[in-house]
Amino acid sequence: MEKKIRVRFAPSPTGSIHVGNARTALFNWLIARQSNGEMVFRLEDTDVERSSLESIESIKKDMNWLGFDWDDGPYLQSERLELYRQKAKELEESGAVYKCFCSAEELEAKRENQMKEGKTPMYDGTCTHLTKEEVQAKVDAGVPFSYRFKVTEKSITLNDLVRGEILFDLKETGDFVVMRPNGYPVYNFSVVIDDALMGITHILRGEDILPSTPKQIMLYKALGFDAPQFGHLSMINGPTGRPLHKRDGATSLSSFREAGYVPEAMFNFLALLGWSPKGDNEILEKEDIISSFSIKDVSKSPAQFNYEKLKWMNGQYLHKKSDEEILDLITPILSERYSGFSSLADDRKLAVAKAVKPRVELISESVEQARVFFEKAEITEAEAVEMSSSEDYRVVVDSFKTVLANYSEIRLEDQKAITKEVQKLSGRKGKALFMNLRIALTGEMHGADLEYIFFVLGKDEMLKRVSQ
RNA sequence: GAUCCCAUCGUCUAGCCCGGUCAGGACACUGGCCUUUCACGCCGGCGACACGGGUUCAAAUCCCGUUGGGAUCGCCA
C-alpha cells in the first residue's frame, strides 16, 4: 500500500504571505486533501534578524482566510536547535562534515576574487586539509567555526514530479555550510532534518530552490534518510514578464484581502497559476479543484500573475452570491462612506445590494456604483447637459412631480406604474422619457435600474433631486 | 563565468509522452444581440506553435543545434 501523503507548508515568518508562497501552499494542501493525507505547518525562523512574531500571526490569518488548515504543528525551528546541533555532531563523527574556521570576511574576499577571475565562486577547501591537531588548536584558541558538508559526489540525479529527470553536475559545487558559528543551522540543513523527521513524503516548492536540491539529497543520504518526492513549481511573473516584484503592486495575500477580493476567487485563481483543469470551465468550486487537481497537469513554464483576470474572477464569484451576502460585504464600506446608508430601511439596503451586485468585480467598487443612491451627480456629460435644457426634460420633470404627488410611500413595484403615468401626462416616451427622468434624478446617463433608484430614494428625495 | 530550468495568441493555458483535427479554451480587446441607460448575460471576431536544420508521405508534437528569458552559485530562505 502507498504510504500516506504528508506535506508541509514551511514559510519563514518574515512578513505577510506572498502570492507565490500561497500558491505553493495551496498545491501542497491540495495533494494532501485529495488523498486523505496530512499537512504539517512549520515556521522556518532560523534567521533571527528577520523573523517576527507578528509575521507568524499574519501568516495564520492568511491561511485561515484562504481556507487552508493543517493537521500537525505549527513547529518552530528555533525550538529545535538542539536537534540540529546533535545531527551536526553525528555527521562530524561519520566524517560527512568538518569544522571550518574561515571567517565571513575571508570568504567574502575569496568569493569576489573568484568572480573577478570569471571562475565559479565556490569554497576552496582551506579547512579540509587541517590536521586533527590544527583543528584542536583552533578550537582551544576559541576560533569560531562552522560545520561544512564535504561534497564527494560528482553528480546527482533527481526525478522531479513536475520536470522529470534532472541530472546535476556537481563538479563546481563547493563544500557548503550546514551550521553557523552561532549554533544556528543553515536552511539546507534544517529543512532536510525536519522534513525527514516529520515524515514528509512530498515537497512541492518553488523552482528557485531547484539548484540546492542536490545538496539536500546529499544531506538525506549522509543522515541516513530516504529523500521525499520533489516537485519544483515555476516562478510567478509580474505584469512586466519579470518575476513578480513588490513594485508590481499587490503581492501579499493580505493586500488582496484588504482590497476586497473574496477568498473563493483567490483560491480559484491561485490554483490556476500553473495548473489547468481538464474542461473549458475555469470557475471551479473548492471541492472540484481538490478532486481534479493533479501535479501531472502542472505547467513547467512560469505563469504571469494577471491582475485583470483575478479581478474578473472575483466578479464571477460576487455575481454568484445572494443579495444578502452582497449586502453583508458592502455594508461596512458603504456605511463608512455614505452617512445615508445606515438610516436606510432593510429592504432598501437590500435593493442597493441588488442594484450594485452585477456592476462590481471588487467590493470596493460598490462605493462608486452606489453613489447614485446617496448623492446626485452634477450634470457634466455633453449629451446630458443638452438634454437637461430641453423642452422634453421640463415637461417630463413637471409631469413626474405631479404624478408623485399621488404617492406617499414608493414600493419597489411602483416604478412601472409611475413612469407609465408620467408617459401619459407628458406625452413623452422612450429615451425622451426615461433618459430625462434618469438625468433629473441622478445627473448621469448611466447607472442602476430606475426601479431601484425610485425605491431607494423614495418620494421626498426624488422630489428634492428633480428640483435641483 | 558555471550549473540547472523554461519557450503555443498581448497574457494564462490545451494539444507534445502514443507525429495526421480549421492548433481548442479563459482574460483582455472588439462586432452584434438582450435591455427604457449602463452593467450582467448570450452569440460572433481578432489573435500563437522563437529560429534553423534533420527524421518522415506528414512535425507544435520526435532528434540536433541556435537564440531568447529565468533561477542559483551565501554563515538568506
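Chain letters run A, B, ... following the sequence lines, proteins first, then strands; residues in each count from 1. Please read all numbers here as calculations on a predicted model, not as lab measurements.
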Atom CZ of F454(A) and atom P of U36(B) are separated, to the nearest Å, by 14 Å
Using the six-membered ring wherever Trp is involved, compare the ring planes of F256(A) and Y261(A) and label them parallel, tilted or perpendicular (cut-offs 30° and 60°).
perpendicular
With both distances under 3.5 Å as the test, what is the Watson-Crick or G-U wobble partner of C18(B)?
none
For atom CG of D280(A) and atom P of G24(B), their distance in whole Å:
11 Å
Between L441(A) and M462(A), does a side chain to side chain contact (heavy atoms under 4.5 Å, CB included) hold up when you go through it step by step?
CA-CA 6 Å; L441(A) 287 168; M462(A) 285 200 283; 3.7 Å; yes
From U37(B), C6(B), U11(B), pick the nucleotide closest to the side chain of M435(A)?
U37(B)
Base, sugar-phosphate or nothing for R438(A)? Non-hydrogen atoms, less than 4.0 Å.
base
Between C5(B) (C1') and L158(A) (CG): distance, integer Å
12 Å
Which residue lies more 5' along RNA chain B, comparing V360(A) with L167(A) via nearest heavy atoms
L167(A)
Passes side chain to side chain contact (heavy atoms under 4.5 Å, CB included), H18(A) versus L253(A)? Steps please.
CA-CA 6 Å; H18(A) 177 95; L253(A) 217 47; over 6 Å; no
What is the distance, to the nearest angstrom, from the CD atom on Q304(A) to the C1' atom on A26(B)?
15 Å
Whom does A26(B) pair with, Watson-Crick or G-U wobble, provided both distances fall under 3.5 Å?
U11(B)
Nucleotide forming a Watson-Crick or wobble pair with C62(B), both distances under 3.5 Å
G54(B)
Is the F149(A)-Y147(A) ring centre distance short of 6.0 angstrom?
no
Between the protein and nucleotides 28-33 of chain B, which nitrogen or oxygen pairs are less than 3.5 angstrom apart?
none

For the backbone of F189(A) and the side chain of K215(A), can you confirm whether one donor and one acceptor N or O come within less than 3.5 Å of each other?
no
Can a side chain N or O of S276(A) be found less than 4.0 Å away from OP1 or OP2 on A14(B)?
yes
Is the cationic atom of R80(A) (NZ for Lys, CZ for Arg) positioned less than 6.0 Å from the six-membered ring centroid of Y75(A) and within 45 degrees of its normal?
yes
Show, in sequence, the C-alpha distance, side-chain angles and deciding distance for L83(A) and L197(A), and conclude whether the side chain to side chain contact (heavy atoms under 4.5 Å, CB included) test is met.
CA-CA 10 Å; L83(A) 179 63; L197(A) 261 28; 3.7 Å; yes
Indicate whether the side chain of E325(A) and that of S322(A) have a donor and an acceptor atom separated by less than 3.5 Å.
yes
Identify which nucleotide among G15(B), U11(B), A39(B) has an atom closest to any side-chain atom of P358(A), counting heavy atoms from C-beta outward.
A39(B)
Pick base, sugar-phosphate or nothing for G447(A), based on heavy-atom distances below 4.0 Å to the nucleic acid.
base
Expected string for nucleotides 70-77 of chain B under the B/S/- scheme (protein heavy atoms, under 4.0 Å, primed atoms plus P, OP1, OP2 as sugar-phosphate) is SSSBSBSB
Can you check the distance between C22(B) and A39(B), where both ends of the measurement are the P atom (answer in whole Å)?
37 Å
Compare side-chain N and O positions of Q369(A) against OP1 and OP2 of C40(B) and report whether any pair is under 4.0 Å apart.
no
Identify the pairs formed between an N or O of the protein and an N or O of nucleotides 43-51 of chain B at a distance under 3.5 Å, and give each distance.
none

Base, sugar-phosphate alone, or nothing: which one does N281(A) contact when heavy atoms must sit under 4.0 Å apart?
nothing
Axial cation check for Y123(A) ring with R148(A), 6.0 Å and 45° limits
yes
L161(A) CG - C17(B) P separation (whole Å)
21 Å
Return the nucleotide paired to A71(B): Watson-Crick means purine N1 to pyrimidine N3 with N6-O4 or O6-N4, wobble means G-U with N1-O2 and O6-N3, both under 3.5 Å.
U3(B)
Output yes when a side-chain donor or acceptor of D160(A) lies under 3.5 Å from a complementary backbone atom of H232(A), and no otherwise.
yes
Pairwise P distance for G1(B) and U66(B), with rounding to whole Å:
14 Å
Report the base-pairing partner of C34(B) (Watson-Crick or G-U wobble, both distances below 3.5 angstrom), or none.
none
For G47(B), give the paired nucleotide (Watson-Crick: N1-N3 plus N6-O4 or O6-N4; G-U: N1-O2 and O6-N3; both under 3.5 Å), or none.
none
Here the distance between atom P of C4(B) and atom CD of E165(A), to the nearest Å, is 13 Å
Just say parallel, tilted or perpendicular for the rings of Y338(A) and F374(A), cut-offs at 30° and 60°.
parallel
What is the ring orientation for Y220(A) with F230(A), classed by angle as parallel under 30°, tilted 30 to 60°, or perpendicular over 60°?
perpendicular
Length of the line joining M313(A):CE and U11(B):C1', which is rounded to integer Å:
13 Å
Select base, sugar-phosphate, or nothing to describe what K300(A) touches, counting heavy atoms under 4.0 Å on all strands.
sugar-phosphate
Taking any heavy-atom pair under 4.0 Å as a contact, classify E282(A): base, sugar-phosphate, or nothing.
base
Rounded to whole Å, CZ of F434(A) lies from P of U35(B) at a distance of 13 Å
Output the distance between atom CD (E285(A)) and atom CZ (F267(A)), rounded to the nearest 0.5 Å.
10.5 Å
For Y307(A) and F305(A), run side chain to side chain contact (heavy atoms under 4.5 Å, CB included): C-alpha distance rounded to whole Å, both residues' side-chain angles, the deciding distance at 0.1 Å, then the answer.
CA-CA 6 Å; Y307(A) 288 88; F305(A) 195 95; 3.8 Å; yes
